[in-house]
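Each remark here refers to the structure printed beneath this line.
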Amino acid sequence: MSRLQLDQALVARARELAARAAAPVVDLAATYTTVSVERATLRLAGLTGTDPLDGDGEVPWVNRVVDAVRDQVGLEHGVALPVWHALGSGGTLQDLAEQVGAGTARFTVPEGAAADRAREAARAAVGAGIARIDANRARREELVATHGDPPRRPWIYLIVATGDIHEDIPQAQAAARAGADVIAVIRSTGQSLLDYVPEGATRTGYAGTYATQENFRLMRAALDDVSAELGRYVRLTNYASGLCMPEIAVLAGLERLDMMLNDAMYGILFRDINPHRTFVDQRFSRMVHARAGIIINTGEDNYLTTADAVDEAHTVTVSQLLNERLAHEAGLEDWQLGLGHAFEIDPAVPESFRLELAHALLARGLFPDAPLKWMPPTKHMTGDVFRGYLLDGFFNLAGALTGQGILLVGMMTEAVVTPWLSDRDLALRNVRYVLEAAGNLHEDFAPQPGGFIDRRAHTVLTEAVELLERIAAHPQGLIQAIADGTFGITKRSPDGGKGLDGVVRKAADHFDPATELLTREVSRA
Amino acid sequence: MSRLQLDQALVARARELAARAAAPVVDLAATYTTVSVERATLRLAGLTGTDPLDGDGEVPWVNRVVDAVRDQVGLEHGVALPVWHALGSGGTLQDLAEQVGAGTARFTVPEGAAADRAREAARAAVGAGIARIDANRARREELVATHGDPPRRPWIYLIVATGDIHEDIPQAQAAARAGADVIAVIRSTGQSLLDYVPEGATRTGYAGTYATQENFRLMRAALDDVSAELGRYVRLTNYASGLCMPEIAVLAGLERLDMMLNDAMYGILFRDINPHRTFVDQRFSRMVHARAGIIINTGEDNYLTTADAVDEAHTVTVSQLLNERLAHEAGLEDWQLGLGHAFEIDPAVPESFRLELAHALLARGLFPDAPLKWMPPTKHMTGDVFRGYLLDGFFNLAGALTGQGILLVGMMTEAVVTPWLSDRDLALRNVRYVLEAAGNLHEDFAPQPGGFIDRRAHTVLTEAVELLERIAAHPQGLIQAIADGTFGITKRSPDGGKGLDGVVRKAADHFDPATELLTREVSRA
Amino acid sequence: MPDKGQNRDFGPSEGASVVRPYGDTTGDGMVQTSFTLPVPPGPRADGAALQLAQKMGIEPAMVVHSAGIGSGGGAAGDSAAFTFFVVYGSVRHLVDLDAVHVEERPYPLLSPGEVNAAVKTRLRRSLVVLGACIGTDAHTVGIDAILNLKGFAGEKGLEYYRELQVANLGAQVSVPELVHAARARKADAVLVSQVVTQRDAHLRNTRELAGAFREAMGESRPLLVVGGPRFDPAMAADLGVDKVFGRGTTPGEVASYLVHALVPEEEPS
Amino acid sequence: MPDKGQNRDFGPSEGASVVRPYGDTTGDGMVQTSFTLPVPPGPRADGAALQLAQKMGIEPAMVVHSAGIGSGGGAAGDSAAFTFFVVYGSVRHLVDLDAVHVEERPYPLLSPGEVNAAVKTRLRRSLVVLGACIGTDAHTVGIDAILNLKGFAGEKGLEYYRELQVANLGAQVSVPELVHAARARKADAVLVSQVVTQRDAHLRNTRELAGAFREAMGESRPLLVVGGPRFDPAMAADLGVDKVFGRGTTPGEVASYLVHALVPEEEPS
Ligand code: B12
Ligand code: B12
Ligand SMILES: Cc1ncc(COP(=O)(O)O)c(C=O)c1O
Ligand SMILES: Cc1ncc(COP(=O)(O)O)c(C=O)c1O
């Protein structure tokens, strides 16, 4: 693998600045809780199902319970204290939820010994969920040992997106048989704005399939079958980002998903989710993923769909450094950081391919131990599917030349439709050809020090450090940078966006058994 | 441009052996003449047109006259002596031809002063043709100076093949507008076996358009128009190889074609033309092309459609060395040697792309001053046109990485149909993308000494030298090697194949004003 | 046998009104197509592909590629349940250019200066334009291309026009919110973008939009304009909106249309 | 409106006899197609493309790409006379699998040993096979794949079969020469390859072949077998030959057919 010689002093400076710029976000999570964090706690403790009585769609019990607690005693103490206090008199969480449904549950915030008892009971309940996550992690390791890992890097990552879990399953299996190492089921366009997680097996998504615990389970089971058949552990990915980050993170841990899209920045910029809300949610969800041994994927690639991939290349680098910081802080290790970047330079730009190589090598050089997620061209794809197929081939080649860890397979129909069965098959044939014919070309790839690629990478790094200097200089750091439209040329103010009403300042006695248990683990690590 | 470090002693040895192996072929041309060489002489002297009276198809006057001479006095003295002797009494070549048609011409071989007079007259007549060729060469240089050469290497070479010159013309112009630097009009499948050159504008070819003087003229004029429009001199290519090599070579010179496929080996192996016949023809045709400033293209690429591109890679190298020798001997300069090679390795072979790079770099290293003709994948193309489009992209990349001179544009429909208008357009878009996005990637391409590519190139060179040793060791050299099935795993014996009856051993007084005038030039050079 | 019209002139000519697809000869009718059938690979699958090609009017058709999908990292995939085909051949259909109804733009293309002048002198107040992506569609690049200063394809967006008062509500706006905003701001025109089309989401959302405005404001509703890359511009009436713009629309076209639709004709001077 | 059969099961199932193309959902009917029309790019061209798509049964159709061909090294090419299109959409046609006539091989696939045994015990002499490419076709790789020892796709060619006497005349053999050779060698079967198909050269040449043998030898003509990548195996009768082999044929299939066609049925023992 050819590596760039990066200026290590500059790299160190970049990391120092990133830590400063991210600090206000870290503080947020210490200060606030959210409805979704609280619901995630209940999910860890095993509460599932929906209120069957509701007319317009079903509402999950976790939402009912958290809303009731909030109504009655506020959320600033967390749900755990009032809930396990209410359970003190016996009964299950499920029973309690039904009382909430019936309007008969009464919550209070216990104090003294009663509070201690509630805390202890809550820890035990939540601990059971964490134990299940731990068991899943162990099971994954076991299955990987049995079936084996993909034979090479990059891992081949494919999306399915029919909207119908029962169409997704055969498609995912077909993709795995045809060579996919990772299957991502993308979500219905609306889901990330829902402030609850739908339930059950679903068949009615738009341009994606709802993320539900049951859909997770069904797909993981199907991929376990195909893993055994193929003698290769096929990983499953879904999306946590959105209003329900913490809950979906928990469901992923409970159902042994292997990777999760997990990036508050995406929600803020592209879903107009309130920054406070989703940064708090992100901290919790990343802790869960750290525990679950799940690899996260971040969404820097998306910036290049709204901003120019050459002019704004350094904003990707800045965001990756910030995301690295926020991931480490939540306990994730380097091998879990699928930082995003993308092949999105206008193909009409002279030397576009070498510019892509420069950017990709820069990321590789900055994050040598992270399994970078390399995203295919989307913005400059057109209805000319032949051209698209060729571009995807060069994207694949760039991935191989620069040692990317996870290669998201590009589709020739990117500008036309969500991928067809045949698109995926053709796309995999493309990947296979490139990796088998030219996968080792990196041995012959030696960008000259001071040459075009080296100079470009250095320029981007320098611009990134300059930008970080400016961001770190502001007391609100990253939060202000987002408000300024730094990323994806999209401005999002800290008090705008969806889901702000789900953010609650924690009281001094706020108790969250999950964070407590997970943090203990983190600080031990 | 990254170059391989070839073992120069081995390279020198290879050239020395090639000269020895080619010697028997050089001798052939000194010993024999052919009907086509004699007809070419008459064409140089200006004889055109066909016998209009003939029932089943028209026969060119040059054929009528040469046949009549052969019937009456034999061809061993050449046609020039008897023809210009017959003209001594006055009249034009055309008149004489008509007398032949009418059966009234009487030929004798002059001697003494009469022979001197006939020789002088023949020299003058043929000299006029050569002067026209010289004028065309000068005109080309002038037009190149006016309109300019393509802005970069490789030159982009596109085929048209409708069978109808009036469909070919707009297609060629469209291709030039879309970026083609060189247009090749391929011939009707039958033509290379015709022992005469058809006349006039033609619309009835199969999978190609007849090569006729008029078609040459029409297409060259159309390309002159488009050259002026585009401010870039667009070159025209056609095919000389076949039973009429010398004549078509002359027509190309007379109509200012810029490149010609010119390779006896192709005719022998793939058209079953008699080796003696076509080697003699080749010598004459190459002298004409040398004079005309025409770049020749050789056909080594074809070997890899019948033989395996990995196992038999060294036979391509051997043939290139032999062709270089035979070209130099006929007066061609290095810049005129479009030696053929091709991207024909089965894409399923591991490392196929790097193997292609090794082979292409070897050719580049052996012939640093020749504008190598880089041929696209054909044999392993399938009806999967998406895959084909991708393969062609990697072929284009290999061309750019290894500094090829002439890039024959591959078509996604290679395995399906002769190219469609849209295929050419898509193919050119492919070339443009690759050259603009990654054309300079060769700066970053540095195969390690002792690495995979270097080792492979050296292996092929070594195998080539070993094979040349064996060929040179046989008194019949190349001729025997062809009989042994060395090239394209096809065996052709020296006395088999088509056109042998057109070969005539020269008498001591054989006189050929064209060869004489052209040789004078060659030895002057 | 259908008339293949071999002897007619189907070439590129100003006058020709009937043409056929062009492969490499005028009138040859050649097309390429690819599709998947839920049939395992093999002769039966190839036969099925030929049948479909025939029904599409491709005759003779050549199945030039067929490959099983999704079984085992490589070649044929005999155990596959689906087969992908590439088919080439000649369609017998004729294309009648006279029957092509191009929505000839029934209004002139104006420069920003002309748009401003028209609004100023003929409407005598500025024109209020509201933009949004509705539903859960988060693709704002298209509407931004039309509205934002930066514009598209070298043309400035509507915000650049002095006489247009533009508000871009961004993405994920619900229809009720949009109706509310239109009323509050007295919008003359509401511009809506829809990019996600899976399961015809864009059509459904547009119909919902039209219905809601009709219901809420009846005749006095603002001009409704929708756009997105997969819309067919001919569908406006069917969808209940005033105008539909497709792929590659430029801001100038939209501004010119607004003038045409909302600014009174020049009074005869 | 034609029945789109939305509610029927068109998925991959053993039993289903009516299927539709599969894009990403069972029964969605999705296909891709591309073609060129001799019309300059623009809305009229797009409309013409949609018309053609409609005639092909694609409805709704989306013109997702259209670009002028052949004018000036780059983008749109406004002065182009031709436009290239890519169209996606759903075809309304149903594919009736029961109506697919697969030439079910009406003879068993034999191993070389079985072929040899059949010839030896049932014909009691070796079988004389003559191969050639006729006309100006110089593509021998296909016929060589069938005849030469080396074979194709891992199967040895007919020369490997002890009981077959094979002569491969190579390329560019004229039909009279071939008739002559067949008579001289008392060929049981003549195998002819045709690869060049432009302007239906392969069909014309095959008909000429059949005619010449009929004329020269009448009923006693050898078995005529043709092959090549663009032949439709269903055309044998139409072309006047006994059997047609298409793309991807293996030597074993041909040898098995020869036994079936030329070796008398096993006598009941
Ligand atoms: C950029 C992009 C994104 C960005 C959007 C950022 C943003 N702020 O807009 C991000 C990364 C967030 C994104 C996310 C998703 N996307 Co997206 N995305 C694209 C992409 C790559 C480019 C779209 C684009 O910006 N085009 C450029 C603009 C200028 O063109 P345009 O939209 O056509 O607009 C022009 C005209 O249509 C017209 N126009 C458009 N709107 C309007 C409105 C009016 C009033 C007028 C007059 C004119 C007009 O004028 C414009 C200028 O000419 C396309 C693929 C592609 N190459 O097309 C996929 C694509 C649109 N996305 C898709 C999907 C499914 C998604 C996701 C659901 C899942 C996913 N694949 O990640 C998510 C969720 C988004 C959601 N809920 O909507 C699909 C839609 C499939 C379909 N046909 O239904 C596509 C086609 C990709 C694919 N093949 O799967 N996406
Ligand atoms: C190799 C090749 C050549 C070689 C041939 C060498 C040789 N000795 O055979 C050379 C370089 C000489 C050549 C020259 C030309 N070729 Co060429 N060539 C090809 C190529 C690349 C591969 C063909 C091949 O070998 N296939 C492999 C064999 C194993 O497959 P196959 O022929 O299909 O045979 C199988 C079956 O069809 C069947 N089969 C075939 N014959 C028979 C016979 C019997 C009896 C049976 C039972 C079965 C059978 O069994 C075989 C095994 O499964 C094709 C493109 C392609 N990728 O297909 C073009 C192609 C065939 N050539 C083409 C053309 C036009 C030419 C030329 C006229 C011009 C040119 N483009 O250079 C010249 C002149 C040749 C001539 N007059 O015939 C065109 C034909 C277009 C058309 N459809 O009409 C093609 C398709 C390329 C293109 N798109 O333009 N060519
Ligand atoms: C980090 C991240 N999260 C989530 C998503 C998808 O989110 P949604 O389900 O809102 O479309 C993406 C899509 O690209 C992403 O990059
Ligand atoms: C050197 C050479 N000559 C001639 C030809 C074409 O000859 P023909 O016209 O016989 O097909 C080729 C085709 O590839 C060639 O490589």
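Letters A, B, ... mirror the listed sequences (proteins, then strands); counts begin at 1.
- Among A:Pro350, A:Ala348, A:Gly388, A:Gly393, the residue making the largest number of heavy-atom pairs under 4.5 Å with chain B is A:Gly393.
- Residue A:Asp454 does not touch chain B at all, counting heavy-atom pairs closer than 4.5 Å.
- For A:Leu357, the part lying under 4.5 angstrom from a heavy atom of chain B is the side chain only.
- With respect to B:Lys373 and B:Glu300, no salt bridge is recorded, no charged nitrogen being found less than 4.0 Å from a carboxylate O.
- Contact count versus chain A (heavy atoms, under 4.5 Å) is highest, among B:Leu355, B:Val434, B:Leu435, B:Asp392, for B:Val434.
- Only the side chain of A:Tyr433 comes within less than 4.5 Å of a heavy atom in chain B; its backbone stays farther off.
- When each of B:Leu441, B:Ile453, B:Asp444, B:Leu390 is checked for heavy-atom pairs under 4.5 Å with chain A, B:Asp444 comes out on top.
- Aromatic ring orientation, B:Tyr389 versus A:Phe386: perpendicular (interplanar angle above 60°, classes split at 30° and 60°).
- With no hydrogens or angles considered, a side-chain donor-acceptor pair links A:Thr378 and A:Glu344 at under 3.5 Å.
- For the pair A:Asn440 and A:His442, the minimum side-chain heavy-atom distance is below 4.5 Å.
- Relative orientation of the A:Trp374 and A:His341 rings is tilted, given thresholds of 30° and 60° on the angle between their planes.
- Looking at A:Leu426, the atoms closer than 4.5 Å to chain B (heavy atoms on both sides) all sit in the side chain, from C-beta outward.
- Residues A:Glu414 and A:Lys379 are not paired through a salt bridge, judged by the lack of any N-O separation under 4.0 Å between the basic side chain and the carboxylate.
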